Student: 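Below you will find the structure I want to go over with you.
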Amino acid sequence: MKIDVSVKKKLYLAVVRFRHVLAARTAVANHTPGTATEQCVASLLVVWLCSVQVRPQTLLTMNRARVLSYMLSQTPPGTSLVTVRAWLLGGKRGKASAPPPPTALAAEPFLNGSSSNYVEEMYSAWLHDPRSVHQSWDTFFRNASAGARPGEAYTSPPSLAEPTPHHVPLSSIAPAVISPAVSETQITDKVIDDHLAVQGIIRAYQIRGHSIAKIDPLGINTVESSQSRQLVVRNYMNRFNESDMERLFKLPMSTFVGGKETTLPLKEIIKRLEDAYCRSIGVEFMFINSLEQCNWIRQKFETPGIMAMNQQDKRLLLARLTRSHGFEAFLARKFSSEKRFGLEGCEILIPAMKQVIDRSTSLGVESFVMGMPHRGRLNVLSNVCRKPLEHIFTQFAGLDAGDEGSGDVKYHLGTYQERLNRVTNKNIRLAIVANPSHLEAVDPVVQGKTRAEQFYHGDSEGNKVLSILLHGDAAFSGQGIVYETFHLSELPEYTTHGTIHIVVNNQIGFTTDPRMSRSSPYCTDVARVVNAPIFHVNADDPEAVMHVCNVAADWRHTFHKDVVIDLVCYRRNGHNEIDEPMFTQPLMYNRIRKLKPVIDLYAEKLIKEEVVTAVEAKEVRDKYEKILEDAFTAAKSETRVFNKHWIDSPWSGFFEGKDPLKASPTGVHEDTITHICKRFSSAPPNASDFQIHRGLQRILSSRMEMVKARTVDWAMGEAVAFGSLLKEGIHVRLSGQDVERGTFSHRHHILHHQKMTNDTPVDKSQYNTLANLYPDQAPYTVCNSSLSEYAVLGFELGFSMTNPNALVIWEAQFGDFNNTAQCVIDQFISSGQSKWIRQTGLVLLLPHGLEGMGPEHSSARLERFLQMTSDDPDVLPAFSNDFAIRQLSDINWIVANCTTPANLFHILRRQIALPFRKPLILMTPKSLLRHPEAKSSFDAMLEDTEFQRIIPEDGPATQNAANVKRLIFCSGKVYYELTAARKEAGIEDKIAITRVEQIAPFPYDLIKQECDRYPEAELVWSQEEHKNMGAWSYIQPRIATALNHERHISKCDKFAIDSEGHESQSWYEYWFPWLFPTSSPTEASIPTKNQTSIVSDTRVLRYAGRAVSASPATGNKMTHTREVKQLLEDSLAL
Ligand SMILES: Cc1ncc(C[n+]2csc(CCOP(=O)(O)OP(=O)(O)O)c2C)c(N)n1
Ligand SMILES: [Mg+2]
């Protein structure tokens, strides 16, 4: 780009003027024109500012002499500033610079063009208040004011980490740090600078020591020792020669390497730092922004001798390693072709977990909730949880299942054990949560379960219940759910008060090594976001691992925050035992093959140290081998495996004494409804002190109007459901994004005081109405979550697993967003009971409905939930009195779309009234929240009422049923559109409209009844979703089955028949064996497979609704309106 000469001239003049202004200002400020050491003074100011935190303005008003006396006044008594004074007064630098020659301007390229005006303006502002400009400009102006030459005025902020030749000698500001061995008169620049450099060295090891620690047993990532020290200390060491290594240096407060010593020779300081930070442990912690926490960690690693281990602990460690190694070796021998995802290469995991558990138990923890992936899982189950070996061995034997469910592969199964911790002699509970293949998906589930245990045990600080999460290196860095879960760790209603994370970092994920699987230096970097300390440790140094485990347990106990143990190890075999790793990692595996197992290395070490003899080491091995052999023999006599042996969350007492097919009533007394509704419509009792928003006052008044009219809207119906459960002692927890107010501003469960309290802008004054209904009610938790679906839904699932007597609800902001939590839905909620016999009554509230808001915010993907239901569309269950509840108990989840507040009330309460637990997937409305028709009378919630699976037509059509021309079935808000259009068309007597409120399990009995009631009516299914979505493909075959199938199935239809003809148990047979005498299946009662839906000869079910589409909804308002019109016409035109 060419610039006109006249413009250039103007710019040049502007810049020259600017520099004159600066020069003049400098002269005035210093009162000593011509002899300035202004640049030094300015630089000094920068350094001084940082060290004593003086306001820049104060210093800028001083001249050089005053700066000096000010510095002296700020210096601790007894220290000398002789050097500083000499340097300042002696004027080591040359004369103050005259206005610069034009050519020098090029050195400050940013002072050109129109920026010079801008700079001048900024300079004026700076003169007025130096803090009004950015720090970099502040520095620049101060330097320039002090006479810095062009190109030199800008200096980057002083760094104690890396001194450069341009810096003022640091001696000038830090006499206090000098070793007492150096007398005052000996203090020279060098002495002071050397001390500061030593401080820099100490800090450098604390910050970067981990980068050269020998944490990799394969040595692949170990830095060459010739360069390693340089990498840490950078140029701090350049100033020291060999003789300096023997010099004594005073140790600063920021290190504990001295122990009781306050000074040490440089050589010793460095050695101790390298022992602490560069051996088998790499500690990453200096990013933590709490000085207390940093000091705590420094002390745990730097204190001389802190890692020493006594002989007894060493022997225990050897025994634990022996078991860990022996377990894998035994399985490898006995089941050589079976996948087990062995731990070989990271056998230290078992002693590590045990150490964490021992230490935490001694600190008061009673319950451990754990989640882990495939690697080493069986070993952990056996050697950490003490799951009976026989149960594990039978999983290899290919036996039939003796109870209900699909079961799962052995390396996904959970367990729950209560046992005595022999080291601390305390009873502990250990649970490993069952998980799917999906790596890391279990993390939030574990956290939710942990939180729930803490909550129900009143363990508000997490002193009694601890979560431990295990990770693989590739999954830890690769899976976003890890990040989402970390972000729950400090949220008030989601924290578990610190999780101990252990990474089995075998430096490979399947066939991919870290170069290709992550962009961060460490696989653990994700943990830095929550300021968790990270301890990398060489898994081949068992004692170092134990130290790290102790520190991690202590950290969690002290600070109640997350911590990461990164066990850097290797994988001796392929990804599983059948894989060939040499295909893809030849060099790595050549190296691995040369490595001795850690058990051999450690046994040799202890034998050499005379802690054990070779004979003793062998005895320990032989003893464990015998235990394994005995269990192996015992397992051979088993004929079946039982999924029930692997339950991770048993609900003791919940099923006992209950009729498995009888639900309690859901209706409540009018007084209860009135009381809850009144409270829900009122300001807090101390209303005069608590100012609520005017808009909210209006909402409360309109609620009170509804109470007078004995009606409820959606929010009130929900509130009465919650309130009545709370009254009955049922804890209710509602979690999700913005649930406190409600996405659609209809709920308002938390009222906010509208005035600032204590001058703090943080909104802390709140009132939770439903938590204050009755003096002896159960707690009500309503909590806005982080903006995550995957982690939060997983968390709530975990929460719901702990206590069956709690209503746990997750609400999606819009139903669509449930698909970012798809893994939790597919892998846990839909299939959890089948795989792991684990029940949950979790409720998902999913706002759903096409309201012209575009492709998103419209559909909660109802079709997907329906497609995953486990009921057979071709089998008509026997109609009986307990039909509805049998259906519920047999299905994997309930899918519903309610249209009235009363039905919402009942279905929520039914979750608790059932004698078992099933997930409830509830499509919830948006426009119905305020729809005048979508209200219910108190009558519909009274004691003699219940949930209506369908809501039959109750208008004029019922008076003339035989002549009704059409019976429309529909679900959800489209009902209100259909009835309005029908009314407008004046055909209310010709068309009946029946709402299907519970879609799955399908209300065959009631649908059939409805069809029979209108014998001449054409049957229509009307839906607002596109044809390939919504409930149509679920409804269609089932209505056909309802109309055509006379066949009633027997009990055996629902159960699997094993190869020997044994009928497997259902969950309720397992819990209530006395109610179900054993019976053999008859040939006729075995269900027929591959039946297809048969359409009735006489009655046809017609579809009325939108055509198929790839997108769930149009983004065009006009198209939307046209589609609605068409849908109504298709449904109603006679
Ligand atoms: C979400 C997910 N994606 C992919 C897989 C397939 N998979 C199973 S194990 C594995 C490698 C895991 O590596 P890492 O986390 O390092 O554990 P390691 O097997 O090395 O112990 C992969 C990709 C999976 N199980 N889950
Ligand atoms: Mg790995």
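We count ligands from 1, going down the list as the structure has it; atoms in each ligand are counted the same way. All figures in this text were calculated on a predicted structure; none of them were measured in a lab.
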Student: Do H412 and H374 have side-chain heavy atoms sitting under 4.5 Å apart?
Tutor: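 Of all side-chain heavy-atom pairs linking H374 with H412, none is under 4.5 Å.
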Student: Does the protein come close to atom 10 (C) of ligand 1 - that is, does one of its heavy atoms sit below 4.0 Å from that atom?
Tutor: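 For atom 10 (C) of ligand 1 the answer is yes, since some protein heavy atom falls inside 4.0 Å.
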Student: Can you tell me if Y570 uses its side chain to pair, donor with acceptor, with the backbone of D216 under 3.5 Å?
Tutor: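 No.
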Student: Got the closest protein heavy atom to atom 3 (N) of ligand 1, with its distance?
Tutor: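 Closest protein heavy atom to atom 3 (N) of ligand 1: Q479 NE2, 4.3 Å.
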Student: Please state whether the separation between the Mg ion (ligand 2) and some N/O/S atom of N505 is under 2.8 Å?
Tutor: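 Under 2.8 Å: N505 has no N, O or S contact with the Mg ion (ligand 2).
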Student: Does H438 reach ligand 1, in the sense of a heavy atom lying below 4.0 Å from it?
Tutor: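 The answer is yes: ligand 1 sits under 4.0 Å from a heavy atom of H438.
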Student: Which of the atoms in ligand 1, numbered in the order shown and given with their element, are less than 4.0 Å from a heavy-atom of N506?
Tutor: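 Counting atoms of ligand 1 from 1, those under 4.0 Å from N506 are 18 (P), 20 (O), 21 (O).
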Student: Give me the nearest non-hydrogen protein atom to atom 17 (O) of ligand 1 as residue plus atom name, then the distance to 0.1 Å.
Tutor: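 Ranking protein heavy atoms by distance from atom 17 (O) of ligand 1, first comes G472 CA, 3.7 Å.
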Student: Return the closest protein heavy atom for atom 23 (C) of ligand 1 as residue, atom name and distance.
Tutor: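 Ranked first by proximity to atom 23 (C) of ligand 1 is F510 CD1, 4.2 Å.
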Student: Going by the order shown, which atoms of ligand 1 are within less than 4.0 Å of some heavy atom of S437?
Tutor: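 Numbered from 1, ligand 1 contributes 24 (C), 25 (N), 26 (N).
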Student: Is R375 close enough that one of its N/O/S atoms sits under 2.8 Å from the Mg ion (ligand 2)?
Tutor: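 Looking at R375, which is the residue asked about, there is no N, O or S atom under 2.8 Å from the Mg ion (ligand 2).
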Student: Could you tell me whether V504 approaches ligand 1 through its side chain, its backbone, both or neither, with non-hydrogen atoms closer than 4.0 Å?
Tutor: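 Answer for V504: neither.
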